[in-house]
Structures are given as C-alpha cells and as structure tokens.
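Working notes, structure below.
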Amino acid sequence: MEQVILAKVALSAATFAIDKPYDYLLPDELRESAAPGMRVLVPFGAGNRRIEGIILALSRGQPAPRLKAVIALLDDTPVLDSESIQLALWMRERYFCTVYDAARAMLPAGLYFSLQDQYRIAKGVDKEAAYEAAGRSDHARRILDLAYACGGTAEMGQIRAAFGTKDPNPALKQLTERGVLTLETSASRGVGDKTEQVVSLAVPPEEALALVAPKRKTAPLRYAVVELLSAVGQASSKEICYFTGASAATLRSLVKSGLAVMEKREVFRRAAPEQTEPAQPVVLNEEQAAAFEGIDRLCGAGKSAAALLYGVTGSGKTQVYIRLIEETLKRGRGAMVLVPEIALTPQLLHIFTSHFGDAIAVLHSSLRAGERYDEWKRVRSGKARVVIGTRSAVFAPLQNLGLIVLDEEQEYTYKSENVPRYHARDVAKFRCARSNAVLLLGSATPSVESMYLAKTGVYHLFTLRSRYNTRALPQVQIVDMKRELRGGNGSDISQQLREELKANLDRGEQSILFLNRRGNSRMAACGECGEVPSCPRCSAYLTYHSANGRLMCHYCGHSERLPDACPHCGGAFHFIGSGTQKVQEELEELFPGTEVMRMDTDTVSAVQSHEKLLARFEKEKVPILVGTQMVAKGLDFENVTLVGVISADLSLYVDDYRAGERTFSLLTQVVGRAGRGEKTGRAIIQTFTPENEVIATAAAQDYDTFYQQEITMRRLRGCPPFRDLFVLTASGTEESRVLRMCVRLRRTLESWFADPAYQGLDVQLLGPAPASVAKVNNRYRYRLTISGHNSKTMRALVAALLCAAHSDKEMKGVSVFADVNPMD
DNA sequence: AGCACGCCGACT
DNA sequence: GTCGGCGTGCTC
C-alpha cells in the first residue's frame, strides 16, 4: 500500500483532557519544507475550524480513512528544536498542562500568530447565482450582503458581530458546500511586535470635549479618554487604558465615531547596550577557588550533574559563577544564569555585561515583546552564548548548553503561578540532563529541599563560609516589641533602634529599615467607618495606585476611580498598606530635618527609578532608607552600618509550610546588608515573638541550626522534600457546585485508592477548603490537596482525575486544574 | 473548549 | 410543517 507522510501535531485548541498528538496528513507540496518544531494551520473538530498547532514529529504511515490534512505551514524554520519538543512533552506529564501550553511558554510573545478567518465569494460565481444558492435562508443572504458590501470578502469577526447571538455557521457551511464561498485563513504576527497602538484626537480638543461632555454621566469612560487626550495630545492605547480604566472597546468606539484616530507606531527596541569597561580578571580566594575547581571538574566531566553552592551573604558567589561561565565558553558551550527578579539585580547585570559584553542576552518579563523576540533570536542564532534572565529564560534556545546557574535558588519567583505551572529548577534539571550540563544552585539560605538533596548526596555540595575580605558578620540584637509596648512605646520604632539610628546619624553613617510585608500594595480605608473598598468580582481588597489615582484589583484587573468620600458613611479615605509611609513619618518626627527615603511600589515604578533611587541613596548619603522587600536584595553600600527590621514576624505566621524558610531567608539577607565596608555593621530585629526559633536562628545567622529544625518539622508534617503536595483547584460561578465538585473528586480518589493496585501508595487527602482568595473574577475556588510522592503513578492518577472531572456531566461549568507544591 | 448532531416546543 | 432551544458526545 502507498505510504504517506503523517505529522503528529500538538494543538492550541486542545484542553488537557483531550490533549494528545493528533495525526494529520502532510500534503505533497509541504513535504519538502515541513519539519518538526514548525507551527502549522490545521482543521480541527466537526466544524473543521482552523487552529494553530505545532509539529511534534513526522513519520511514514498508512493513510487512515478519517485523516485530515495540514492546511499550511506557519514557519519556514522550526521554532522548537527536538530537545524543546521533548521538554514540552515532559512538562505535560509533570505540570498537567497541554503540550501547546508548554510550547507557548518557550516562545517569545513576538512570535505568536493571530489567525483570522475570512470568507470570500468564490471565483466565477456571479451575484445572481450566489443569491440563488442562498435560497430562502435569511442568514445566508445576510452573509452575502456583508461580503458584497466589503468587496467580496467578509471577515469572520465582522460576520460574528453582525449576527450577534445568532450562529452564522450553518449558513456559512451551506454556502461553502455549494461553492459560493471559500474560507481563507491568514496568519499575522502577534501583538506588540515592534509597534504599539497610538491614539490621538481627530478633532480639536475643545470640539471633542464638547461632543462627549453631554454624555459625561452615561459614558464616563469616553469622556475620561477624551479628557486625557486633550491634556497629553497622544498616548499609547495601553497607557490610556491604565490611566482611565477604559477598555479597548471604548477606544474603538471613539475611533468609530470619528473623535479619535489610532495608528501603529514603531517603538524602539532594546536600549543600546550599556557600554561598560571590560572587567578585570576575576581573582578567587582560597575557598572560592576550591568551590570553582570542584564545580568546574563536574562541568569538564561532560556528564549531567547538580551542585549546590551554599555561600553566606557576601562570600562572593558571583565571582565563582563568572569563572565557571568563562570555562564553559572556552569549552565551546553555552551558559545560563537565572535570577529571581531582574529589576533587583542591576549590579549583577552590570558585572556580567562587563565580563561577557555582547555575548550576553538578557531575557525577562518586562521586556517589550519586540525586545524579547530580538534577544531570543540572538540566542537561537548563537550570537549570544550567555543568557541571563528570570524564570522564563530557562527556556531560552541556547545550543550546546554547558551550565545553568540558578541564583538565590530558594526564591519563590522561580515557580510559575500560571499555566504552565512549572518550577524553573525542575526545567533546568531536565535541560541539564538532556545536554549533559551542570546545574548549579546558588544561595546564602538554600531551600530546605535543596539542602536536603545536597546532604543526602544527590547534589554535590560546595560551601563558602567566609565573607568577602573576611569581614565580620554584623552584631545582631533582637528587640522584644511586647516589652516596648508594655513600656508605653506604641510606635514602630523601639527604644534601641532609635538610639542606634541616632548614633548613626551622629557619625554620618547610613541606615536601612526593612518592613517585612509580603505585598507592597496600598489599600484605601475610610477614616470614619473603616470600610476598605473591595473588588466586586473577587474576594480581595482593591489596591490604590498613586500613578493613576485609581483603585485596582490584582486578581482580575478591575479598576475604578477612588471615590471622593466613603460611599457608606461619607467619611474621607486615607491609605493603609506597606506602612513605609507611616514609618517614614514617625522617623521624621523623631529626627526632625533628617531626610528619610522611602522605597516601595509607590515610589518605584520602573526598573529605572529603582536604580535611580538607590544611586541617589548611595551618592547623596541619604541618612535613612525605609522600604519593603526590595531593600532586602543585593544592595552593597559601604556606608550602611545599621539595618533595622521593623516587624520580623509578619511573614512568619501564614498558613504555608515555607513560611519559616522565607522568613529566615529574608531576615538573613537584610541583616547581611549591614557592614559591607570597612566598618562593622549592626542589625536590630524587632519582633513580638523573640523566642521563635526561626527569628533566633536568623539573628544568629545560623543556617545549620535553622535547617535542622526545619527539616525535622517537614518530616513530621509530611511536607517537601519528604512528600509532595498535589493541589487540585476547582472553580466556577456557583459556589455550591464548586464545593460539590471537590467532594466528588475526593470520593473518586478514595475509590481509586481502595483498589488493591494502589495499596502501596502512601497518600493523604486534605480538604476541600476554600482557596486563599476564595473568589476571583466571580468564580469561586475550592481546593483539594493530595499529599504523596511525586511518582509516575501519582501523576497518572492526578491526570486521570482531571480527565474524569472534565467529563463529569453533572459538573458542567466547573473547571479543575492541578498544581504541584504551589507557592501559596 | 467548541461544534455538530439530535430531539422537543412555538411559530410562519 | 420548520426554526431554534440546549443536552450529549467527539475532536486526527
């Protein structure tokens, strides 16, 4: 029998339950150019709607009767190599996402296509014949009217809009079958690539305002947009939406009514790479050299390995990284450095640029789509052989990978909270295994999991115990805030801290105060009745953005103007939140005439200003800096000799097995900020629970004791690394149904576990319980947790459960997803 | 998810 | 009689 070429394709339209490689026939004319890793346009489902897919493999095979054919190729070179395809398949199994979800995470947004279907009147069909074919069908006639009105082609979007709630598909199908219409699909490159939408007024501002003013009450957004444009002339549609709360639809309607015009404008790509002096060669001290040699030996062995570099704050891990990368490049291989957040590591970026210059590509989420795409291409082409970036950079198309460094590996930003819910550490491990590369986890306070694996010999362990220039650790003092309170001091600043600050001011030395808050956001609260505006769609408070003066919801994006007065009692609003402002005020009262600099999301908007603030703090020797978590990271200032932690407890008493680890890490980092220069540093930790072991060990900078306590607790409580938590989240608009879904899931699992085949499986079911944010976007969320071991069997069970939930007919409208060891 | 097929009520 | 409602089942 005649052999044909089959393409195995992962589909963008597939959900997890139906996701698998689908077989398509590859037409002869595509045989030459098609290759695995290319995206394709294929028909799918009973309606043969055209969707995007990606070729996973090509093979010869027998023509099956129900096989459909690939319509077109969307790429001329593969966008994924075979390793990436393997990784995508692995991610599906590991993170319960579709293969396409995984592929999407690997590609820069600038590569996305948006598919547009359009129906064209077929060649050689005249108007009369067309309407005859439409017969008495009202729908078909309307489609033809539309097509002829638009010069013979009607876009699917137009047709849908014209039909409203009615379904145009039967009529379209009829016309297509009778040869009157032909379907064409065009693929255009995705959003934001090199251009942005700029909106400006089409008429003079006064005229525009006069036109929208009468309807100010009924169409406030239109008015707000016109008002903004009158003031600023033109703005990108993104900015307008942010500042006014208008949607893209509002902008379109303004354009449609002739008030505004929208045009695409080129935006400038990548700011010219900062010119830095070539760096001096790195000189390692004895300890660093030992670690370097040990790790480099692993790299040279050409086998995959993982190592943990445990180096106390200031022990110079970066120098070790640089030497390792140099050697990796010498071997002709590529290297990757992952950091928790690019904005917080300007110094690190600077150092790497000065060492590797143009060989570096920087990838992180706040790059514009075009910039990211450019960097991605530089990596793929081999021009850039060192990649530095955040979580998603772990997918960079770096060839011949030799080394991946995960700096500050304990940071939670390495875990994705969106689909695909991957952990960069796991993906890095996979890539290293495939490329015989070395994974290096670096940290001053390693995650308990990683240290456990290092201690049990799974990872090689390298330790840097001495601080750079053998500087002494700061002297740490714990202050009991309960006693302060009893002593009549209700403020945020204890007696001791005040005295130390005074001493620093007298000596002309600088101090940093750290507020241990998880979020940096500000809420509006009524001064009279205490009302805090919350989101109408989510069970969350709205946060106040001073940049646009609006209240916004972090979960669903809802945004509203800050009311002039409390809608309940008419009282005035004031702002509560990270509390940095309050501390700033207290300090200004304590030390009149002293400048107190504040750093939180309210004073920091972009990467730039974060750096600028710090530069000013350093250069002008601003006496006191108050800030949230962003002051804890990577700041090295000679003249800072005092660090104060205002409220050490706040991150500790939350319902998360990682709370201790996170608090220890934060406190250690903050304390390490003191005394980087010639002078010895001091640190003060204020707490209401001075007896707490996490705080005590952090104050003593005693990771080993902290680790021993924590690992014992993890073992006792059945938390990672001893067990894994599979969290299933059900969501839907009806709370009772969502809860019922969780109960059903639990029952299903219990019945499966009763099967003798699973007798040996060591599992425990917890919940259902409402998610920490119980409602998002009007959808209620409940969670069911399975504590067990992340084995193939367990993952298969969870996958089967998701499929069962999907096909549960009584549970329509409730969706379920799974996450392994989530971060909240 | 999204679409077709199929089976019941209210309309020309 | 048919148009159109939404329950059910499949997607190469």
Side-chain angles (χ1 to χ4, degrees), chain A residues 3-27 30 34 36 38-73 89 92 96-101 103-104 114-117 119 134-143 156-157 159-160 163-177 183 185 418-420 729-733 737 741 777 779 799 802-818:
Chain A
Q3 293 248 306
V4 292
I5 305 286
L6 298 177
K8 294 232 180 278
V9 180
L11 302 177
S12 60
T15 55
F16 179 75
I18 62 161
D19 183 42
K20 59 175 180 183
Y22 285 83
D23 284 329
Y24 281 90
L25 195 75
L26 192 73
L30 301 180
M38 285 182 185
R39 286 166 301 169
V40 287
L41 191 64
V42 292
F44 185 63
N48 282 330
R49 69 209 149 91
R50 291 158 175 226
I51 55 160
E52 202 181 303
I54 193 153
I55 304 180
L56 301 174
L58 293 171
S59 63
R60 286 175 187 283
Q62 300 299 322
R66 281 198 309 174
L67 222 49
K68 292 179 188 177
V70 172
I71 296 167
L73 295 175
L89 293 165
R92 178 192 140 83
F96 313 104
C97 64
T98 70
V99 174
Y100 203 88
D101 284 333
R104 191 178 288 129
S114 57
L115 299 180
Q116 257 254 313
D117 282 348
Y119 284 90
R136 283 155 308 158
S137 165
D138 186 36
H139 285 182
R141 285 164 174 280
R142 260 159 72 191
I143 291 166
M156 200 53 214
I159 299 174
R160 284 239 170 75
F163 273 66
T165 58
K166 304 255 192 297
D167 181 11
N169 281 318
L172 284 169
K173 198 185 164 203
Q174 179 201 333
L175 289 171
T176 311
E177 275 171 3
L183 171 62
T185 306
N418 298 312
V419 178
T729 306
S731 71
T733 48
R737 287 170 62 80
M741 172 63 113
N777 233 333
R779 293 177 72 85
L802 288 174
C803 292
H806 171 82
S807 52
D808 187 339
K809 272 155 212 82
E810 284 172 56
M811 282 290 131
K812 277 227 149 109
V814 181
S815 49
V816 185
F817 68 84

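Below, chains carry the letters A, B, ... as their sequence lines are ordered, and counting in each starts from 1. Everything quoted here is computed from the prediction, not taken from an experiment.
- Applying the ring pair (Phe, Tyr, Trp, His ring centres under 6.0 Å) test to A:Phe817 and every residue at least two apart in sequence or in another chain returns nothing.
- The nearest whole Å value for the distance from the CD atom in A:Glu52 to the C1' atom in B:dA1 is 16 Å.
- Here A:Arg737 pairs with nothing under the side-chain hydrogen bond (donor to acceptor under 3.5 Å, both in side chains) rule; sequence neighbours left out.
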Report, one line per pair, each donor and acceptor closer than 3.5 Å where one atom sits in a side chain of residues 808-816 of chain A; sequence neighbours left out.
unit_1	atom_1	unit_2	atom_2	d
A:Asp808	OD1	A:Arg744	NH2	3.2
A:Asp808	OD1	A:Glu810	N	3.1
A:Asp808	OD2	A:Arg744	NE	2.9
A:Asp808	OD2	A:Arg744	NH2	3.1
A:Lys809	NZ	A:Ser807	O	3.4
A:Ser815	OG	A:Ser731	OG	3.4
A:Ser815	OG	A:Arg779	NH2	3.1

Table of protein N/O atoms under 3.5 Å from nucleotides 7-12 of chain C N/O atoms:
unit_1	atom_1	unit_2	atom_2	d
C:dT11	OP1	A:Arg66	NH1	3.0
C:dT11	OP1	A:Arg66	NH2	3.1
C:dC12	OP1	A:Tyr24	OH	3.3
C:dC12	OP2	A:Gly45	N	3.4
C:dC12	OP2	A:Lys68	NZ	2.4
C:dC12	O3'	A:Asp23	O	2.6
C:dC12	O3'	A:Lys68	N	2.8
C:dC12	O2	A:Asp23	N	2.7
C:dC12	N4	A:Lys20	NZ	2.2

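- Put simply, CD on A:Gln174 is 14 Å from C1' on C:dC3, counting in whole angstrom units.
- In terms of position along DNA chain B, the nucleotide closest to A:Ser815 lies nearer the 5' end than the nucleotide closest to the other residue of the pair A:Ser815 and A:Lys173.
- Between A:Met156 atom CE and B:dC3 atom C1' the separation is 12 Å, expressed in whole Å.
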Worksheet item: For every nucleotide of nucleotides 6-12 of chain B, 5' to 3': is a protein heavy atom under 4.0 Å from its base (B), only from its sugar-phosphate (S), or from neither (-)?
Response: -------

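- For the atom pair CZ of A:Phe44 and CD1 of A:Ile71, the computed distance is 13.0 Å after rounding to the nearest 0.5 Å.
- Residues passing the side-chain hydrogen bond (donor to acceptor under 3.5 Å, both in side chains) test with A:Thr729: none are found, sequence neighbours excluded.
- Every residue two or more places apart in sequence or in another chain was checked for a side-chain hydrogen bond (donor to acceptor under 3.5 Å, both in side chains) with A:Lys20, and none qualifies.
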Could you list the donor-acceptor pairs under 3.5 angstrom formed between side-chain atoms of residues 4-19 of chain A and any protein atom two or more places apart in sequence or on another chain?
unit_1	atom_1	unit_2	atom_2	d
A:Lys8	NZ	A:Asp23	OD1	2.7
A:Lys8	NZ	A:Asp23	OD2	3.4
A:Ser12	OG	A:Glu52	O	2.8
A:Asp19	OD2	A:Arg92	NH1	3.3
A:Asp19	OD2	A:Val99	N	2.8

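- Taking the side chain to side chain contact (heavy atoms under 4.5 Å, CB included) definition, one finds that A:Leu30 meets it with A:Leu26, A:Pro27, A:Val70, A:Leu73, sequence neighbours left out.
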